[in-house]
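Throughout, protein chains are lettered first and strands after them, A, B, ... in sequence-line order, and every chain is numbered starting at 1.
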Amino acid sequence: MPSYWLVKSEPDVYSLDDLEKERGGSATWEGVRNYEARNFLRAMKRRDKVLFYHSRVKEPAIVGVATVARESYPDPTQFEPASDYFDPGSDPEDPRWSMVDLRFSLRFVRPVTRAELKRTAGLEEMPLLARGNRLSVTPVTPGQWAIIARLGKRRA
DNA sequence: GCCAACGTTGGC
DNA sequence: GCCAACGTTGGC
C-alpha cells in the first residue's frame, strides 16, 4: 500500500507545470536541507503519492499529484561548491542529505486552496496548516488524502 | 511588503 | 551547553 505525502514548492521557482513538462517525465527533488524533511524523503517508497502544494503565492493551494519515481539517494548538490545547496560539512562517505525523484501524475480539476483546506473538517491535523510550519515535505494520512483528492476532483 | 515563526550559527 | 543574533520561510 502506498503512503501519502505533501511537498511544497514556490511556483515561481518550480511549479507543477514544470514537473509536467520534464523531459523524461521525472524531476530530481534536490535541495532539501532540513533534517525532519530529509527523514520523510528517506521514508518515501516508489509509487507513493505526493500532493503538490504551491507556496508563497497569493492563493497558496494544492494543485495536483505527483508520484515517487525513485526512492531516496544522496543529493549530489551537497558536494558541489558552486551550488546554493553546497554543504561543506557533509561527508561523501556518509552523505547528510538525500533526495527522491518525482513524476507528474495529475492536475486537480481546480486548485484546493489553503483557505479551503482550513475550513474543511478532517484536515485539522495536517502539519501544513499548523502555525509556523515550514517543513517542505510532510506526511499525509490516508483519511486526509481521501478528503483532498475528492475536493480536487470536484468542479468549482 | 510586513513580520512572526522557525532552524541554524557562533560567541561565550 | 546556552541563548542571542541572524537568515529564511511563507501566510497574510
A.B. asks: Tell me which pairs pass salt bridge (Lys or Arg N to Asp or Glu O under 4.0 Å) where either residue lies in residues 73-90 of chain A, with sequence neighbours left out.
C.D. replies: A/R33-A/D75, A/D87-A/R96
A.B. asks: For A/K8, answer base if it contacts any base atom (sugar-phosphate contacts may also be present), sugar-phosphate if it contacts only those atoms, and nothing otherwise; contact means non-hydrogen atoms under 4.0 Å.
C.D. replies: sugar-phosphate
A.B. asks: Between A/R70 and A/Y73, is NZ or CZ placed under 6.0 angstrom from the six-membered ring centre and within 45° of the ring axis?
C.D. replies: yes
A.B. asks: Using a strict 4.0 Å threshold on nitrogen-to-oxygen distance, state whether A/R56 and A/E10 make a salt bridge.
C.D. replies: yes
A.B. asks: Suppose we screen for side chain to side chain donor-acceptor pair (under 3.5 Å). Which residues come up paired with A/S15, at least two apart in sequence or across chains?
C.D. replies: A/D18
A.B. asks: Students should find this one: the first and last nucleotides of DNA chain B, 5' to 3', lying under 4.0 Å from a heavy atom of chain A. What are they?
C.D. replies: B/dA5 to B/dT8
A.B. asks: So which heavy atom on A/N133 is nearest to which on A/T138, and how close?
C.D. replies: ND2-CG2, 4.4 Å
A.B. asks: I want to confirm an ordering. Mapping A/R56 and A/Y35 to their closest nucleotides on DNA chain B, which one lands closer to the 5' end?
C.D. replies: A/R56
